[in-house]
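A quick note: this is a predicted structure, and the numbers were derived from the prediction, not measured.
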Number of protein chains: 2
Amino acid sequence: MVTMSIRDVARLAGVSVGTVSNVLNRSDRVSAETAARVRSAIDELGFVPNSAARQLRVGHSSTLGFVMLDMGNPFFAEVGRGANDAAALAGLSVLLGASDQNSSREGDYLDLFEEQRVRGVLISPIGDVTPHLRRIRERGIGSVLVDRNGTGTGFSSVSVDDVAGGYAAARHLLDQGRRRIAYLGAQFEIQQVTDRLKGARRAIADVGGATFEVISARGLTVSDGRDVGKSLGKRAVRSWPDAIFASNDLLAIGLVQALILTGTARVPDDIAIVGYDDNEFASAAIIPLTTVRQPSRLLGTTAVQILLEEAADSKLEPRNVQFQPQLVVRQTSMVESGAS
Amino acid sequence: MVTMSIRDVARLAGVSVGTVSNVLNRSDRVSAETAARVRSAIDELGFVPNSAARQLRVGHSSTLGFVMLDMGNPFFAEVGRGANDAAALAGLSVLLGASDQNSSREGDYLDLFEEQRVRGVLISPIGDVTPHLRRIRERGIGSVLVDRNGTGTGFSSVSVDDVAGGYAAARHLLDQGRRRIAYLGAQFEIQQVTDRLKGARRAIADVGGATFEVISARGLTVSDGRDVGKSLGKRAVRSWPDAIFASNDLLAIGLVQALILTGTARVPDDIAIVGYDDNEFASAAIIPLTTVRQPSRLLGTTAVQILLEEAADSKLEPRNVQFQPQLVVRQTSMVESGAS
DNA sequence: GAAGGTGATTGAATCGTTTCACAGATTAGC
DNA sequence: GCTAATCTGTGAAACGATTCAATCACCTTC
């Protein structure tokens, strides 16, 4: 590995290393002609600064870490994009890690980020705020919870009001006249999953006269939803729910697909379905999916902004920004009135 | 920022810094009792090694960089997962950057990775192998092209035979009796897009007697596909193709959706559709999508393996691994015989 | 009991930057 | 023409790990 150092540049340009460094970082303190000479030496040697050395000296890196729950989920991909954009604006880059809902991987990534002395970490935590996370914060590394309300935890957070989203989804089903509601979830240790459930329960209680059940899927993917759809077919028809609120779009899409393709039930006639996220595929599903939209990109940019503000002034109180989700009604929940 | 160094640990444990380092890295060279003492000091102080310092000393980091074309695309998400898995096995982590089909961002990430002295870079390049990439490689940083055949470029690569995939897709449409074939693509500077086109052209030539046209979309997303579907509705019906091969699933899904929902055309009766990728949503689309499946995860793991092998033995010839894609026939291309 | 061997530990040099106190040279002010 | 102020540029001291030759302590062996 051929490696040029600032020293080589200095020698070639006939200046001291300090000057080269100044050209790189505080170009106002150096005369125009020396700067030019140094720059041409840099080009000639193909010098690229070693960020490890800089980092060692200044004490922290110029990256942010983001531990995301699931990188295959378009919702998080979009959050990541937002974070990236905001970070780039501040000259930072984002180191991405996918915990894939596995808490030991979550911990591994936090360790990694800590070793790298990242400028701050964004995390969509799997469950509770772990001791791991607390330690990172005590160390002085700013952290913002993403897609998770951190009120009371002492952490700043950027989230969407999942209880309200769950309420809106269930309420909509009830308003459509459905009375045997089911909530389809998985991995109930994930806060969002239980918050949406909580909202749904609240709506049921408010309206009254409806039954409610919780169905567990194995995971939160399309294929898990498909499995649930298939197994539903094996239950006695009269025990079926007449509406299912799924904790994300992927599950809902899989569910709808299984119901339709196996001819188990008509959607929405027999069973109405509502998803959550409004990802790119919700509107393109077998039957366009009624769902709850979240401002995903905004979540990412806001999280980074908060992180940077806190890094600039460490005495700031934690902020918990909560966005409101928006119900998007499409065809999986609307029986067309007027049609036969 | 409270920062403990190896020095603090050494003092507390009553040993030298060298010994602490040995405990961390070559634990066989240190007696069991000292090791224990050192470890408890580490715990007590909450010491976490500074990877910048290590990196500076050893000369390279323990991360790989991956510049991916589009992180919202589930295909790449899956490739990334594979890469992550393989890297984790070797004790490395992956720094992800999304070029989002923007070549200046691609360059920025390469710069960043170079400054970070990553152990190697994976890249799904937008277009040609850029000078940028060549420079990185001259510097001795291994690089593997992902989802791009690098034969003749001097770079190792891991790809899927897109020409064969394009051929299979078009051939399938022809075998179904379609004779007015269209290829729907966008961003033709992307190699995959043109390779699939090339394969399709070849199939048309082989079979003969069919017309062929190329339709351009704005981009490669679901909504771009939707736009094409809408504008197709404005063309004279007799000028329509009777089959469209889209350069990825997202486009195909959007296209199908627009055709169906606006009632423009029946799929597959009027127009048959084939996509590419077989992503999680293809089988869950409005009408399950005929598509070409790629071994995405395998692509990621193989790329990392090659990278590591090359890093271990720098005199290795570049290897260009090419996987074969697989046509997956679903309903967007099959008129059910026997039905009315 | 001297020589040699083995295993554990030490401490200084090193990696490539940034930073800062300082030195020369030039300009300005009076 | 002298002092002060302003610009440029210098060079050495960090930053926190790893590494390696050197040292030390303790056994064997003859």
Side-chain angles (χ1 to χ4, degrees), chain A residues 1-39 41-42 45-62 91 111-112 114-119 139-140, chain B residues 1-39 41-42 45-63 91 112 114-119 139-140:
Chain A
M1 168 117 63
V2 193
T3 291
M4 293 299 161
S5 83
I6 209 176
R7 205 159 231 105
D8 302 306
V9 175
R11 193 175 314 129
L12 179 61
V15 298
S16 75
V17 294
T19 301
V20 176
S21 175
N22 282 338
V23 169
L24 259 30
N25 306 307
R26 298 113 56 107
S27 51
D28 50 313
R29 298 198 190 176
V30 71
S31 78
E33 53 180 332
T34 0
R37 207 150 28 108
V38 169
R39 277 188 215 292
I42 288 178
L45 295 176
F47 164 78
V48 174
N50 181 326
S51 73
R54 158 192 272 124
Q55 195 184 132
L56 176 59
R57 182 62 237 245
V58 307
H60 54 74
S61 78
S62 56
D111 281 342
L112 177 69
E114 196 175 351
E115 288 184 12
Q116 306 241 7
R117 303 290 191 268
V118 295
R119 199 67 147 273
R139 220 177 189 308
Chain B
M1 169 117 59
V2 193
T3 292
M4 294 297 162
S5 81
I6 210 176
R7 208 159 229 104
D8 302 305
V9 175
R11 193 175 313 128
L12 179 61
V15 297
S16 75
V17 294
T19 301
V20 176
S21 174
N22 282 338
V23 169
L24 259 30
N25 306 307
R26 298 113 59 106
S27 50
D28 50 313
R29 299 197 191 178
V30 72
S31 79
E33 54 181 331
T34 352
R37 207 146 32 103
V38 169
R39 278 188 215 290
I42 287 178
L45 294 176
F47 164 79
V48 174
N50 181 325
S51 71
R54 160 193 271 123
Q55 195 184 132
L56 175 59
R57 183 63 238 251
V58 308
H60 54 75
S61 79
S62 56
T63 54
L112 177 69
E114 196 174 353
E115 287 184 13
Q116 305 240 6
R117 302 291 191 269
V118 295
R119 200 67 147 276
R139 220 177 188 308

Would you say A/Ser31 reaches D/dG9's phosphate, i.e. side-chain N/O to OP1/OP2 under 4.0 Å?
yes
5' precedence on DNA chain D between B/Ala53 and B/Asn22 (nearest-nucleotide basis):
B/Ala53
Taking only the side-chain nitrogens and oxygens of B/Ser5, find out if one of them lies under 4.0 Å from OP1 or OP2 of D/dG16.
no
Need one value for B/Val20: base, sugar-phosphate or nothing, where a base atom within 4.0 Å counts as base even if backbone is also close, heavy atoms only.
nothing
Respond yes when some side-chain nitrogen or oxygen of A/Asn25 is under 4.0 Å from OP1 or OP2 of C/dT18, and no when none is.
yes
Closest heavy-atom contact between A/Leu24 and A/Phe47?
CD2-CE2, 3.9 Å
B/Arg117 side chain vs B/Glu114 backbone, donor-acceptor pair below 3.5 Å:
yes
To the nearest angstrom, the CZ-P distance between A/Arg117 and D/dG16 comes to 8 Å
side-chain contact (heavy atoms from CB on, under 4.5 Å) partner of B/Val20, the single match among B/Asp8, B/Val15, B/Leu12:
B/Val15
Atom of A/Glu115, atom of B/Val48 and distance for their closest heavy-atom approach
CG-CG1, 3.5 Å
Using every non-hydrogen atom in the two residues, find where A/Val23 and A/Ser27 come nearest and quote the distance to one decimal.
O-CB, 3.7 Å
Just how far, in rounded Å, is C1' of D/dC15 from CE of B/Met4?
16 Å
Closest nucleotide among C/dT17, C/dT9, D/dG16 to the B/Asn50 side chain
D/dG16
Starting from the 5' end of DNA chain C, give me the residue, B/Arg37 or A/Val58, whose nearest nucleotide shows up first.
B/Arg37
Protein-nucleotide distance (A/Arg29, atom CZ; C/dT19, atom C1'), rounded to Å:
9 Å
Side-chain N or O of A/Arg7 closer than 4.0 Å to phosphate OP1/OP2 of C/dG16
no
Picking from D/dA17, C/dG16, C/dT18, the nucleotide nearest the side-chain atoms of A/Leu56 would be C/dG16
Classify B/Thr34 by what it touches in the nucleic acid, base, sugar-phosphate, or nothing, heavy-atom distance under 4.0 Å.
sugar-phosphate
Separation of B/Asp28 atom CG from D/dT19 atom C1', in whole Å?
15 Å
Determine whether any donor atom in the side chain of A/Arg57 lies under 3.5 Å from an acceptor atom in the base of C/dT18, or the reverse, and answer yes or no.
yes
Rounded to whole angstroms, how far apart are CG on A/Leu24 and P on C/dT17?
9 Å
On the nucleotide D/dT10, are OP1 or OP2 found under 4.0 Å from the side-chain N or O atoms that A/Thr19 carries?
yes
To the nearest Å, how far apart are B/Gln55 CD and C/dC15 P?
16 Å
Return the value, rounded to whole Å, for the distance between atom CD of A/Glu115 and atom P of D/dT18.
10 Å
Rounded to whole Å, please give me the gap between NE2 in A/His60 and C1' in D/dG16.
16 Å
